[in-house]
Structure formats: structure tokens, C-alpha cells
Engineer: 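One structure coming up, written as C-alpha cells, with questions to follow.
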Amino acid sequence: MLRHPQFDPVAISLGPLKVHWYGLTYLVGFVVGWWLGRIRARKPWSPINEEQMGDLLFYIALGVVLGGRFGYVIFYNFETFLGDPLWLFRVWEGGMSFHGGLLGVLLAMWWFGRKVNRHFFQIADFVAPLVPVGLGAGRIGNFINGELWGRTTDVPWGMVFPQAPDLLPRHPSQLYQFAMEGVLLFVALWWFSSKPRPRMAVSGLFLVLYGCFRIVAELYRQPDAQLGYLAWNWLTMGQLLSLPMVLAGLIMMVFAYRSKAS
């Protein structure tokens, strides 16, 4: 049995200024994504150039932060929001949702595409392989904070999270998600997009793989306390929101390759 290291959530403290590890993981995700995006922008088939990558990153960052917060409030804590609407703006109290962030990024890419006169899926296919970097960094941030722990288990690598009320060994599901949503998803998408593909194919593969990985990860992750299981003592909100992603991704990939063939 392992015990969570209980990292200090504050990475750097300079007087009243405190920089948290979770914020640094977001920064790492954006910076590495920007660097990889500039590499992709040098490809002859890239829809944008290197100079435009900075603007695209700004739009995506807005989509991630605003969409992630709105998504968490609407999907996971809507009753709290109804009782206290101003809670939406108290971001320092925590709470971000991937699915909300995804919707925010979709809107940001559409907005940016209109600005640079590019098709939405040209931008989406360009961005998709960069997203796992931020996802993986965020999961490391979750692990450092000792939050979003897994379900109880008796596996040898089960970990006690002192923040959990029962102090029982649990799956370190944050690390499972880092491996799947961060490492595996990045390798698959970077390889798949290393040469030109039909429009929508890369975006479709992202939706399929992320949705499948998230559904699997939720089998080991403790559901949010305020929601619990939605049905059958195993279905979670994360799985419910991921199922349409898998379906939409499959449809997009089929349409992409059929359109190419025709």
C-alpha cells in the first residue's frame, strides 16, 4: 500500500504572491502546446503559420478557462449555482470540467477560423494533437493536489489519499488518466496527423480515443460526491458526457474517408 506524498500545493511563494503547482501545470500545457504547434505550423499542409500560433493559443486559453469553469458549474454543480449564482465567478474555489473546456475550445477555434479565413475543421485537425499535452499536465496537477482520487482497491499500488474521509487505499486514477489521456492519446494523434489526412479525420479520432479512455478511467475513478453514480451503480457523469463524443467521432471519421473516396 502506498501513501500520497502530500505535496505542498504552493510551488513558489514570494511574499504575498503564491504560485500553485496546478496553475503551473496549466502553464506547462499551454507552453508545450504552443511549441509543438509552431513545429506543426511549419508543415506545408498547415492551415496557419508560426506567427499565428500565438493568437490561436490565446483563443484556446480563453476557451479552456471559460468553458471549463462554465462546464463544471452546469454539468457538476448546477444546484450550487442556482442557490448562489455568484459562485460561478469564484474560480479560486476550484472546479474545471474537461467537457466544458472542450465546448469552449470548439467555440474559440470557430472564432479564430473566421478571423484567419480557415474552415473550422482545418483548425480543429491542427489543434487536436496538441490537446493531450494540456490534459496530461492537468492530471499531474490533480495528483499533486491529491484530488479526484480513485475508487477503493486492494491492488498493490493502491494509494491512501489523506484528503479522502475513509483513508482507504484507492486507485491513483489521476495517473491512469495521465497515461491514457496524456501519453497514449498524444502518441496516437501525433503519429496519425504526421501526414495529411482527410478533413475531420484527426478531430474524429481525438473524440473517439478521448471518449474511450475517459469511459475506462471512470471505472476506477471515484465519482463526484455531489452526483455519485447516475445509474446501475457504475455510470458516472464523465462517462455519460463521453459517450456522445465517441459516437460523433466515429461518424466524423466515416464521413471524412467517404468524402475523400468520392
Engineer: Is the shortest side-chain heavy-atom distance between P162 and R3 below 4.5 Å?
Structural biologist: yes

Engineer: Would you call F120 and R114 a side-chain contact if the rule is heavy atoms closer than 4.5 Å?
Structural biologist: no

Engineer: In terms of hydrophobic clustering (I, L, V, M, F, W, Y; side-chain heavy atoms under 4.5 Å; direct or indirect links), are L243 and Y220 co-clustered?
Structural biologist: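 Result: no, two separate clusters.
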
Engineer: Counting N and O atoms only, with roles assigned by atom type, does the side chain of N49 sit under 3.5 Å from a partner on the main chain of Q52, one being a donor and the other an acceptor?
Structural biologist: yes

Engineer: What distance separates M245 CE from F206 CZ, expressed to the nearest 0.5 Å?
Structural biologist: 5.5 Å

Engineer: Side chain of W21, backbone of D8: donor and acceptor closer than 3.5 Å?
Structural biologist: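 Yes, W21 side chain to D8 backbone: donor-acceptor pair under 3.5 Å.
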
Engineer: Taking the six-membered ring of F192, is NZ or CZ of R197 closer than 6.0 Å to its centre and within 45° of its axis?
Structural biologist: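 That pair qualifies as a cation-pi contact.
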
Engineer: Less than 4.5 Å apart, any side-chain heavy atom of L247 and any of P244?
Structural biologist: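 They are not in side-chain contact.
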
Engineer: Should L240 and L219 be counted in the same cluster of Ile, Leu, Val, Met, Phe, Trp and Tyr side chains packed under 4.5 Å apart?
Structural biologist: yes

Engineer: Group every Ile, Leu, Val, Met, Phe, Trp and Tyr by side-chain heavy-atom contacts under 4.5 Å, then state whether V28 and F186 land in the same group.
Structural biologist: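 V28 and F186: one cluster.
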
Engineer: Quick one, L207 and L102 - any side-chain contact, counting heavy atoms below 4.5 Å?
Structural biologist: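 In short, these two side chains touch, coming nearer than 4.5 Å.
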
Engineer: Decide yes or no for L62 and F58: does some side-chain heavy atom of the first lie under 4.5 Å from some side-chain heavy atom of the second?
Structural biologist: yes

Engineer: Between Y26 and Y22, what is the ring plane arrangement, given parallel below 30°, perpendicular above 60°, and tilted in between?
Structural biologist: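 Perpendicular: the ring planes of Y26 and Y22 meet at over 60°.
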
Engineer: Can a donor-acceptor pair be found between the side chains of E147 and Q174 at a distance below 3.5 Å?
Structural biologist: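 No.
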
Engineer: Can you find a side-chain donor-acceptor pair between S193 and R40 that sits under 3.5 Å?
Structural biologist: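 The criterion, which ignores hydrogens and geometry beyond distance, is satisfied for R40 and S193.
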
Engineer: When hydrophobic residues are tied together by side-chain contacts of less than 4.5 Å, even through go-betweens, does V131 share a cluster with L27?
Structural biologist: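 Shared cluster, yes.
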
Engineer: Checking the side chain of R118 only, and the main-chain atoms of I123 only, is there a donor and an acceptor separated by less than 3.5 Å?
Structural biologist: no

Engineer: Would you say R151's side chain and E218's backbone share a donor-acceptor pair under 3.5 angstrom?
Structural biologist: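 At least one qualifying donor-acceptor pair exists.
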
Engineer: Dump the intermediate steps for side chain to side chain contact (heavy atoms under 4.5 Å, CB included) on V105 and V64, then the final yes or no.
Structural biologist: CA-CA 6 Å; V105 169; V64 168; 3.5 Å; yes

Engineer: Determine, stepwise, if the pair F121 / M252 fulfils side chain to side chain contact (heavy atoms under 4.5 Å, CB included).
Structural biologist: CA-CA 11 Å; F121 281 109; M252 288 165 58; 3.4 Å; yes

Engineer: For the ring pair W111 and Y59, is the centre-to-centre distance below 6.0 Å?
Structural biologist: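 Close enough - the centres of the two rings lie under 6.0 Å apart.
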
Engineer: For residues L250 and L209: do they belong to one hydrophobic cluster (side chain heavy atoms under 4.5 Å, members Ile, Leu, Val, Met, Phe, Trp, Tyr)?
Structural biologist: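 No, separate clusters.
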
Engineer: Of all the heavy-atom pairs spanning N145 and Q163, show the shortest one and how long it is.
Structural biologist: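 Answer, listing the atom of N145 first, then Q163: O-NE2, 3.1 Å.
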
Engineer: Quick one: does any side-chain atom of R38 pair with a main-chain N or O of E50 as donor and acceptor, under 3.5 Å?
Structural biologist: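 Yes, the answer is positive, given that a donor and an acceptor are paired below the 3.5 Å cut-off.
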
Engineer: List the steps and the verdict of side chain to side chain contact (heavy atoms under 4.5 Å, CB included) for F143 and F7.
Structural biologist: CA-CA 9 Å; F143 181 75; F7 300 98; 4.0 Å; yes

Engineer: Search all heavy atoms of F126 against all heavy atoms of P47 and return the closest pair with its distance.
Structural biologist: CD1-CD, 3.8 Å

Engineer: Say whether, by atom type as modelled, one donor and one acceptor occur between the side chain of D125 and the main chain of S203 under 3.5 angstrom.
Structural biologist: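 Yes; at least one donor-acceptor contact below 3.5 Å.
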
Engineer: List the atom of S242, the atom of R214, and the distance in Å for their closest heavy-atom pair.
Structural biologist: OG-CG, 3.3 Å

Engineer: For a 4.5 angstrom cut-off between non-hydrogen side-chain atoms, does L130 reach M53?
Structural biologist: yes

Engineer: Closest approach of L185 and P132, non-hydrogen atoms and distance?
Structural biologist: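 Here L185 and P132 meet closest at CG-CG, 3.6 Å.
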
Engineer: Treating S259 as the side-chain partner and F255 as the backbone partner, does any N or O pair qualify as donor plus acceptor under 3.5 Å?
Structural biologist: yes

Engineer: Assign the ring pair W234 / W232 to parallel, tilted or perpendicular, where the plane angle (0 to 90°) is split at 30° and 60°.
Structural biologist: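 Because their plane-to-plane angle is under 30°, the rings of W234 and W232 count as parallel.
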
Engineer: Roughly how far, to the nearest 0.5 Å, is the CZ atom of F112 from the CG atom of L56?
Structural biologist: 4.5 Å

Engineer: Hey, what do you get for OG1 (T153) to CZ (R170), rounding to the nearest 0.5 Å?
Structural biologist: 10.5 Å

Engineer: May I ask you to decide if T236's main-chain N or O and Q239's side chain share a donor-acceptor pair within less than 3.5 Å?
Structural biologist: yes

Engineer: With a 3.5 Å distance limit and no angle check, can you tell me whether S173 reaches the backbone of L148 through a side-chain donor-acceptor pair?
Structural biologist: yes

Engineer: Donor-acceptor pair, distance only, cut-off 3.5 Å: does the side chain of H4 make one with the backbone of Q6?
Structural biologist: yes

Engineer: Provide the closest heavy-atom pair for P129 versus W190 in the form atom of the first, atom of the second, distance.
Structural biologist: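 Taking every non-hydrogen atom into account, CB-CE3, 4.1 Å.
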
Engineer: Does a side-chain heavy-atom distance below 4.5 Å link M253 with L205?
Structural biologist: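 The answer is yes, as the side chains (C-beta and beyond) meet within the 4.5 Å cut-off.
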
Engineer: Roughly how far apart are D55 CG and I48 CD1, rounded to 0.5 Å?
Structural biologist: 9.0 Å

Engineer: Heavy atoms only: give me the nearest A41-S46 pair and the separation to one decimal.
Structural biologist: CA-OG, 3.3 Å

Engineer: Contact between M109 and L106 at the side-chain level, heavy atoms closer than 4.5 Å - yes or no?
Structural biologist: yes

Engineer: Hey, could you give me the CD1/CE distance between I215 and M180, rounded to the nearest 0.5 Å?
Structural biologist: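 One gets 11.0 Å once the value is rounded to the nearest 0.5 Å.
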
Engineer: Is there a side chain to side chain contact (heavy atoms under 4.5 Å, CB included) between V19 and L24? Walk through the geometry before answering.
Structural biologist: CA-CA 7 Å; V19 180; L24 286 180; 3.7 Å; yes

Engineer: Would you check if there is a donor-acceptor pair between the side chains of H171 and T152 at a distance under 3.5 Å?
Structural biologist: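 No, no side-chain donor-acceptor contact under 3.5 Å.
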
